[in-house]
Chemist: 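Below: one structure in structure tokens.
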Protein chains: 2
Amino acid sequence: MNILLIEDNRTLAKSLERVLKQEGHTVEYAWNGTDGLHLWRTRADHLDLVISDVMLPYLDGLSLCKTIREENIQTPVLFLSALGETHQRVEGLRSGGDDYLIKPFSMDELLARVDALLRRPRARVPDLLALGTDITLSLENNSVTLAGKEVLLTPMEFRILAYLAQHKNMTCTRGQLLENCFEHSKDQWSNSLEVHIKNLRRKLFSKQHACSLQTVRGIGYKMATE
Amino acid sequence: MNILLIEDNRTLAKSLERVLKQEGHTVEYAWNGTDGLHLWRTRADHLDLVISDVMLPYLDGLSLCKTIREENIQTPVLFLSALGETHQRVEGLRSGGDDYLIKPFSMDELLARVDALLRRPRARVPDLLALGTDITLSLENNSVTLAGKEVLLTPMEFRILAYLAQHKNMTCTRGQLLENCFEHSKDQWSNSLEVHIKNLRRKLFSKQHACSLQTVRGIGYKMATE
DNA sequence: CGCAATTCTGAAGATTTCCTGAAGAATAGG
DNA sequence: CCTATTCTTCAGGAAATCTTCAGAATTGCG
């Protein structure tokens, strides 16, 4: 696992690095907030965990984490801090942190908490999604191609398709779709969804594919691929 | 979000429940280890978080959590305990816990930690139920496969099958089935149930299997596996 | 064996859910 | 302010599903 360590105390950093490497992790290191931010941003795809001090030169850990979270980067974060007051710990978690460890701590506890954070499955969203053999969908530029040719979708249609594609072969309830793609609340009814589904079918699934947009009666819809 | 609270101190439990509900969560409650285990197992699909005391009557929190993890259920767990020694906290995390909060704690911190645990993407456990050797049923996809091939069930059929599968090798009374799968009240009669059972048998149990849908005369039905 | 209670089965009617086309409402861009 | 695009609503009809019913089959028991 890849861990980014942001800590200005070089001595502590060294020993943390040693211990983590012993556990089989690879460790990258930044000694201040701005360097940390840069590394985190650029390497986010490869990182499995960030361990960050709260008090750092140039940019403190909490602001750093807030910034990152606003960029929709979800790498788990373990904060280290000598500030152990409840309100300080709460603030750490509210800033987007996943755990908060008070200095001084034992290496055993650190490793246990690191394990707990690494154990949970990551939700890494790939950029290009393939549906069957000839439908491709790029989340980044909001575009869809069918057999190599671009198909124009309305924003709403794209949101719905993207949601279904990200959950392909799972049944998505009408509630999920309404909540995630519309501003509606979960349990509200709107025929609108069905109209968009119809249009998606017309634009993308009119012919036989290795992929189809199925309705699951009484529940919702499912993007089925082979 | 759905939270299961396992705590034997009724006073503490009550106030936790109140605070969590204020935050918009729904709370289920168990006051001892064995009840907790049962609730957790059976409702795992709907639970988003478990908050559990460590010292509990009948079955302590750590063993409880280990058992659940061995069953491949990944619901996040927050342990509460008065035992705040490092080695005890480490043990909690090693047992499959995700966080460990030491009593007494402030409600603020509890809520922050609950938020942190709920915020992270859910473990997508393919909640697959196996019946015999060749029937598999996925609650998430609302789908059933027989010898690898998908079998299409109606919503009602699926609900009934799922209920029986989740209680396999137990006799389910007609009352249970009516109450859980239909909108009927417990003691109402409806031939409808039998019709659905018939259709399930036709679709899934027509051949000899390691699994059969038996009728228990005068009581109800049983999903029997070997 | 014969009877009564219970369950099974097929088909038809009732109900729910979904699809579709078109028209009205909202929104953005010029 | 006008236009083009997109979104939502509505209503009719189609399709899938659920329930009911009546007769047949099965089971348990004296």
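Remember, it's a predicted structure, so these values are computed and weren't measured experimentally.
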Chemist: Any luck finding a side-chain donor-acceptor pair between B/D108 and B/S106 under 3.5 Å?
Modeler: no

Chemist: Taking only N and O in the side chain of B/Y221, is any of them less than 4.0 Å away from OP1 or OP2 of C/dT6?
Modeler: no

Chemist: Are A/Q176 and A/Y163 linked by a side-chain donor-acceptor pair shorter than 3.5 Å?
Modeler: yes

Chemist: Quick one: salt bridge (Lys or Arg N to Asp or Glu O under 4.0 Å) partners of A/E91, sequence neighbours excluded?
Modeler: none

Chemist: If you define the side chain from C-beta out and look only at heavy atoms, does anything of A/I160 sit under 4.5 Å from A/L164?
Modeler: yes

Chemist: Applying salt bridge (Lys or Arg N to Asp or Glu O under 4.0 Å), name anything that partners A/R201, two or more places apart in sequence or on another chain.
Modeler: none

Chemist: Test of understanding: with salt bridge (Lys or Arg N to Asp or Glu O under 4.0 Å), list the residues that count as partners of B/K203, not counting sequence neighbours.
Modeler: B/E157

Chemist: Would you call B/K198 and B/E194 a salt bridge, taking side-chain N to carboxylate O under 4.0 Å as the test?
Modeler: no

Chemist: Between A/S190 and D/dT9, is there a contact of a side-chain N or O with OP1 or OP2 at under 4.0 Å?
Modeler: yes

Chemist: Can you confirm whether the side chains of A/T171 and B/N142 place a donor and an acceptor under 3.5 Å from each other?
Modeler: no

Chemist: Sequence neighbours excluded, which residues qualify as ring-ring contact (aromatic ring centres under 6.0 Å, His included) partners of B/Y29?
Modeler: none

Chemist: Determine to 10° how strongly the helix from C/dC1-D/dG30 to C/dG30-D/dC1 is bent, judged from the axes of its five-pair ends.
Modeler: 40°

Chemist: Could you identify which residues of residues 158-166 of chain B place a heavy atom less than 4.0 Å from some atom of DNA chain D, listed by residue number, or say none?
Modeler: none

Chemist: Below 4.0 angstrom, which residues in residues 149-156 of chain B have at least one non-hydrogen atom near DNA chain D?
Modeler: B/T154, B/P155, B/M156

Chemist: Can B/R69 and B/D98 be counted as an ion pair, charged N to O under 4.0 angstrom?
Modeler: yes

Chemist: Could you write nucleotides 24-30 of chain D as a row of B, S and -, 5' to 3', where a protein heavy atom under 4.0 Å of any base atom gives B, of only sugar-phosphate atoms gives S, and otherwise -?
Modeler: --BBS--

Chemist: Compare side-chain N and O positions of A/H196 against OP1 and OP2 of D/dT6 and report whether any pair is under 4.0 Å apart.
Modeler: no

Chemist: Polar atoms only, N or O, under 3.5 Å: list the protein pairs with nucleotides 24-26 of chain C and their distances.
Modeler:
none

Chemist: In terms of side-chain heavy atoms, does A/T225 have a donor or acceptor partner in A/N169 at a distance below 3.5 Å?
Modeler: yes

Chemist: May I ask you to list the residues of residues 197-206 of chain A, by number, that have any heavy atom positioned under 4.0 Å from an atom of DNA chain C?
Modeler: A/K198, A/R201

Chemist: Among all residues two or more places apart in sequence or in another chain, which pass the salt bridge (Lys or Arg N to Asp or Glu O under 4.0 Å) test with B/R113?
Modeler: A/D99, B/D99, B/E109

Chemist: Report each atom pair, protein N/O against N/O of nucleotides 11-14 of chain C, whose distance is under 3.5 angstrom.
Modeler:
none

